[in-house]
K.L.:
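Would you mind keeping the following structure in view while I ask a few things?
Order of the sequence lines sets the chain letters (A, B, ...), proteins ahead of strands, with each chain counted from 1.
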Amino acid sequence: HQSSTGREERRFAEVPRESIKLMAESTGVELSEEVAALLAEDVCYRLREATQNSSQFMRHAKRRKLSVEDFNRALRWSNTETVCGYGAQDALPFRPLKEGELFFVEDREINLVELALATNIPKGCAETMVRVHVSYLDGKGNLEPQGTVPTAVQSLSEDLLKYYQQITRAILGEDPHLMKVKSVSHDLDQLNRLLHMVKSLVQNPYLYLGSYVRSLVSSVMYCILEPLAASINPLNDHWTLRDYAALLLSHIFWTHGDLVSGLYHQILLSLQKVLSDPVRPLCSHYGAVVGLHALGWKAVERVLYPHLPAYWANLQAVLDDYSVSNAQVKADGHKVYGAILVAVERLLKMKALSLTLAAEGSSAGLPGTTTGAVGFRENSPGLSPPPEPLSEPPLGIASHLQAGGAGCQWEEWTPVSLPAMYCELYSFFGDSLAVRFSTDPPLGGAPPPGPCQPLEGRKEPASSAPNLENTRKMPQLTASMNISPRQDGSPRMEPQPPSLAATVPGRSLSRSSSSSSVSRSRSSSSRPGRSTSQSRDIFPKSRFPLPQAGPPAFSFIIGGRQMGRRCLGRRFQTSFTPTPPLTTLPPRAYAHKLPVIGRVSKPVRRWTCSHYSLHLPL
Amino acid sequence: MAAVQDGQMELDAEKETKPEILSDGTSNLSGNTASGTLSSSPLTAAPAGGAPKMEDQQTLIAVLQFLKRNKLTDSVEILRREAGLGEDQEDSQATDGSGGGKGDVDGGDANSLLSRVSITSAAAPQSVIIFHSIIFFYSYRFGKVGGADDQPDVSVVLSAYSQQGDPSLYQVYYSGLKNFIESVLDCHRAELSQLFYPLFVHMYLELVYNNHENEAKAFFEKFSGDQECYYQDDLRVLCGLTKKEHLKGNEVLLDFRTSRFVLRISRDSYQLLKRHLQERHNNQIWNIIQEHLYIDIFDGMPRSKSQIDSMSGSLAGEGKREVNKAKVFHGLLKEPEIEVPLDDEDDEAENEEGKPKKKKTKKDSLGSKSKKQDPNAPQQNRIPLPELKDSDKLDKIMYMKESTKRIRLGPENLPSICFYTFLNAYQGLTAVDFTDDSSLLAGGFADSTVRVWSVTPKKLRKVKSAADLNMIDKESDDVLERIMDEKTASESKILYGHSGPVYGVSFSPDRNYLLSSSEDGTVRLWSLLTFTCLVGYKGHNYPVWDTQFSPFGYYFVSGGHDRVARLWATDHYQPLRIFAGHLADVTCTRFHPNSNYVATGSTDRTIRLWDVLNGNCVRIFTGHKGPIHSLAFSPNGKFLASGSTDGRVLLWDIGHGLMIGELKGHTDTIYSLKFSRDGEILASGSMDNTVRLWNSMKAFDEVETDDFTATTGHIHLPDNSQELLLGTYHSKSTPVTHLHFTRRNLLLAAGAYNSQ
């Protein structure tokens, strides 16, 4: 008999006599029309009466919503049997049946066995408690009046305000401090939720964010750059948060960048500022690097690359400090290191690619290269999802912004040629950089034999140490060249090396913090062998799955032109090269427990962590 | 002369029909039945003369029975004698019966029938004219003895619903009256418009009662839209009611029928109405007015629409002026004299600064203040109050000390607000109370539990078991400390016992007991020493909506769905007084600070003040447009504040029986009201998640209490809510269930966080 409650056009609910008859029939009583009509009317009245009475129970329970229990109480007091089975607090969905005019309350079957054996035991209700807080001091709010809308949002239109309220309610639950990231910086979950909210805001095609983009960006930047309170605890995986935030930043930028002029510059500037501020903690630096990386290789080239030499010294200092007290900082340092490495790698690759494309454009032939490039692009989404595809088309925007933006300090910046860049970078990263290009398993599924790489790793110091100057070729590079199917397919590049080679030494000499790095690498030489072998056993194949990532032409160039004097690099770096591909390692799992890499088996969901999570088993 | 000669009126066995008494044989309407629509009417008194019919004989017997039952032996004698003599004597006989037996309205008033349009003011100088010249002595057909408690002189009011007019003509009658009222001068229109609602309801019920279902529906359809918006709730109930059988179960409507709807109308307006009805021979309406309405006529200017609106809205019309004339001793009782120990550190500190004299004067002032007898105060022993125990005296001393540190509140100096938020109260918080010293907090929940929290660091402890208590040295100084069982210390305790939601909780002033009232129909008394239930008071057989301890303890009051409030003493299992008169549920109950009066708020939208001593209703306050859910007496006992579902707070002057303020601002039911300790500020807490502070001092001061207003009861309220509102304070999502001022005037608010 609930079937018609809640019809609006009538003043009140009415029960049709058909329902009465049906019900009577179900209990085996035949009713005449008259009786049914009379009964129907009486039932209506009684229902209404009970409803009116039940509202009193609702009022005294100090509720706004009439509950089934209220109704049952009213029934009980009028000596009527109560309605059982609808005591749940949740709303009861009332559904119509397509065939025929039947309405019913949805009542799903519940698998009790499943419920009983379920492992995720629901949390019990917390104990009822009383919490006291001074809401208003001397009649003045010492907090901003709770529940009122922050001023920032007050100017919004009605609809948006509603939208805002929905969002705040959905995302933040009871937390009133929307957009005030700082207040929740101790709570990673909250921040994560916040970022996801921003993402969905950005992705909402029906929402015109307008000038709010700026505030969104600032919130996100906060997550990327600030030394969050959560970072204090090494157990907290704030790295992932930063990665995600960076990703989001680029996403916002590429989709909404045109809304705010000069945004790109502002971002770059702020990132640069953080990067060049040695006082900032390493996690901030990490965020800056990641942010730059997410903004595309051009950004890396502009900001990170020129800045690297200066920054390197700081990083080195951290990395070389082996004191116990420094362990945490050092782990952080390695994080930064890994991030830089990845960023630089991308930079090189993309630059090479762009060069290839440019060259290709000139000499329209050579289908091999083209396919290679295309193949690369096709593969890239899987490898490093959003930023990459995004990074290409919007370059125009970036440059446009540049041109339009005032106070471009970038203009004086002159592009460094690829080989020169490589040389310089190599001087910092040494083999670890090279390996990232060379160890690509072009053989498809077949991974390079496990022992092979450690061998190389060990071999390398031996070879490089004695003849600093003479070693012109990295063994890995040559190896990869051999393997590479198209190694010969791009002879065009060959002419370039000499000229590049000429420039390289000077630069690298001038920039690299030479002596320290050498000595350091030596001092640490004894260790890495062991750890590398360990990690390689566990991750025998390089997971860096870009089969054609380095176009053959590119690798050829690298192979052809070698590093300067310093470029033997730090030996232990070489040993870590395989770690970046450790896509399966969630960083937090070992962030504080260094030696247990192998045990971690949890697959990582976010691609972002995989890239930057350089674990350094020191 | 007896004249109930309508054949349709069945004379049930239990129903004795008593002929109306017409003291003036000429004043009848028998000639006026020209309309012919009324087949008969009690008004159509047959002129004296003619042989007594069988019916007359019967009614005479009935009258005799009635008189006997009421022990009016003299009258019986007279009647019997006179009836034997002849019917001519009946007049005098009956007047004797009514006059002598009941102390009835004076005969002059009883004469005021339609024909006697002009009522000489000499006959009833500004006295109430009661239109029940027709007096039916017959008990109500549902066995309910109707009649408001406050008008015992009026014999049972009867519904002559059985007498039928032509149902199809009801609409004509009503619209005729409507047209008339709309055509009169503006100044009268507002007053006469008050008739619409009661007439509408009674006519509708009459139609329903006489099984004219379709006519009733049509009547409702046509005229329900004309009624004032604040009667919507009632109309909703009415519109569902279309069968005679339904009437039986609906006690609110039964009460509506049996009690008289009170209207206040100026003499001029009233005479206009009367003339109109007389000219039109509109007997049907006249009947209803006479039988079911009580028209309180006053001399002077008709009231304006806003004046009327501010007072109307209740289910029973306005309160009669005469009801609110009774003397109410609203002053405070003299404080018992307690030697305030002067070795207090604060005092000493003060003494060092000031002169020793200061100390003396201070003491004097304290003493003199309490010695001065308030002229409006009741006698100290008007109702017996429990004697003060030593612990009470200690507490009084504490109270005095605290009050010296009290912050003086005012418009510039608003209180700080502390919010006690109940978290995880999934079961539903239904009631909250603080102890006076703000040390304990009790919550009643919909899951039948009562929970007590200690708000101070002092934990709640039970008394040790009997065996353990025997081991205690009873002579030791700290015996009170020793009896407590340290093992049971906890921040909160749960009291189980009720079998329904707990709608009211109240601490005793000495903090040893807690009362709780519940849907299960009981009030329970809990000991806060053992945390067990001591007594379950059964009397309300329906949900008990509210309960409260007297400010002196011992007594408590409860009110519930059974439409009565009861006064109890903790050591009696039966109520001492039953306050009956509300037409619907008693939703909230409050003791006057001097404990001699009890205020009750009801779903019938009236507030009544009851005298504890004799159980009389001494004030009826009308003006709310929705059920009243909160009441608060001002600390000086002079004023009462009430809050209802309509979101308004009304202020009342108890002494004069007047409405003196209307505070608009809340958007939802007001569940809590509290005056600050000095009465300067009124705090109201509502379902709309706000606490509002009002400048009650200003509201009280601005009242013009000139004699005219006081005597007529016509108030003209300035619409100054916005000026009086001192602040609105939001909680995030917590309805304010309770408010409490600490002894130092810090405002505590409590409510359950509502996550939806």
K.L.:
Is the shortest heavy-atom distance from the side chain of Glu519(B) to the side chain of Phe57(A) under 4.5 Å?
P.N.:
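Result yes, sub-4.5 Å side-chain heavy-atom pair found.
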K.L.:
For Asp42(A) and His246(B), what are the C-alpha separation, side-chain angles and deciding distance, and is it a side chain to side chain contact (heavy atoms under 4.5 Å, CB included)?
P.N.:
CA-CA 8 Å; Asp42(A) 196 54; His246(B) 297 160; 2.8 Å; yes
K.L.:
Side chain, backbone, both or neither: which part of Thr587(B) has an atom under 4.5 Å from a heavy atom of chain A?
P.N.:
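Both parts, heavy atoms under 4.5 Å.
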K.L.:
I'd like to check Val130(A) versus Leu441(B) (side-chain heavy atoms, cut-off strictly below 4.5 Å). Are they in contact?
P.N.:
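Touching, per the 4.5 Å side-chain cut-off.
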K.L.:
Measuring only between side-chain heavy atoms, which start at C-beta, is His60(A) closer than 4.5 Å to Thr430(B)?
P.N.:
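Counting from C-beta outward, His60(A) and Thr430(B) never come under 4.5 Å.
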K.L.:
Tell me, for Asp546(B) versus chain A, whether the close heavy atoms (under 4.5 Å) come from the side chain, the backbone, both or neither.
P.N.:
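When you check distances to chain A, no heavy atom of Asp546(B) falls under 4.5 Å.
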K.L.:
Rounded to the nearest 0.5 Å, what separation is found between the OG atom of Ser492(B) and the CE atom of Met129(A)?
P.N.:
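Here the interatomic distance stands at 10.5 Å.
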K.L.:
Quick one: what part of Val237(B) sits under 4.5 Å from any heavy atom of chain A, side chain, backbone, both or neither?
P.N.:
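Backbone plus side chain of Val237(B), per the 4.5 Å heavy-atom cut-off to chain A.
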K.L.:
Where on Thr669(B) is there a heavy atom nearer than 4.5 Å to chain A: the side chain, the backbone, both, or neither?
P.N.:
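It is neither, since no heavy atom gets under 4.5 Å.
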K.L.:
Using heavy-atom distances under 4.5 Å, tell me whether Tyr542(B) contacts chain A through its side chain, its backbone, both, or neither.
P.N.:
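When you check distances to chain A, atoms from both the backbone and side chain of Tyr542(B) fall under 4.5 Å.
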K.L.:
Quick check: closest heavy atoms across Asn541(B) and Trp77(A), and the distance to 0.1 Å?
P.N.:
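Looks like O-CZ3, 3.2 Å.
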K.L.:
With chain A, which of Leu429(B), Thr645(B), Asp668(B), Val455(B) has the greatest number of heavy-atom pairs at distances under 4.5 Å?
P.N.:
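Among Leu429(B), Thr645(B), Asp668(B), Val455(B), the one with the most close pairs to chain A is Asp668(B).
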K.L.:
Looking only at non-hydrogen atoms, find the nearest pair between Gln52(A) and Arg236(B) and report the distance.
P.N.:
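It is NE2-O, 3.6 Å.
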K.L.:
Does CD belonging to Glu25(A) count more than 12 external heavy atoms closer than 6.0 Å?
P.N.:
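For Glu25(A), atom CD is crowded (more than 12 foreign heavy atoms under 6.0 Å).
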K.L.:
Taking only heavy atoms into account, what residues of residues 734-742 of chain B are found under 4.5 Å from chain A?
P.N.:
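From residues 734-742 of chain B, the residues near chain A are Thr737(B).
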K.L.:
So what's closer than 4.5 Å to chain A heavy atoms on Ala446(B): side chain, backbone, both or neither?
P.N.:
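Contact with chain A is through the backbone of Ala446(B) alone.
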K.L.:
Check the side chains of Gln56(A) and Trp545(B) for a donor-acceptor pair under 3.5 angstrom, ignoring hydrogens and angles.
P.N.:
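No, no side-chain donor-acceptor pair sits under 3.5 Å.
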K.L.:
Go through the atoms of Pro627(B) and report whether side chain, backbone, both or neither lie under 4.5 Å from a heavy atom of chain A.
P.N.:
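Answer is side chain: those atoms of Pro627(B) sit under 4.5 Å from chain A.
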K.L.:
Give me the atom names and distance for the closest heavy-atom approach of Arg64(A) to Met687(B).
P.N.:
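Arg64(A) and Met687(B) have their closest heavy atoms at NH2-O, 2.6 Å.
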K.L.:
Among Arg46(A), Glu49(A), Arg59(A), which has the most heavy-atom pairs under 4.5 Å with chain B?
P.N.:
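Of Arg46(A), Glu49(A), Arg59(A), Arg59(A) has the most heavy-atom pairs under 4.5 Å with chain B.
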K.L.:
Among Ala752(B), Pro501(B), Gly727(B), who wins on heavy-atom pairs under 4.5 Å with chain A?
P.N.:
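Heavy-atom pairs under 4.5 Å are most numerous for Pro501(B).
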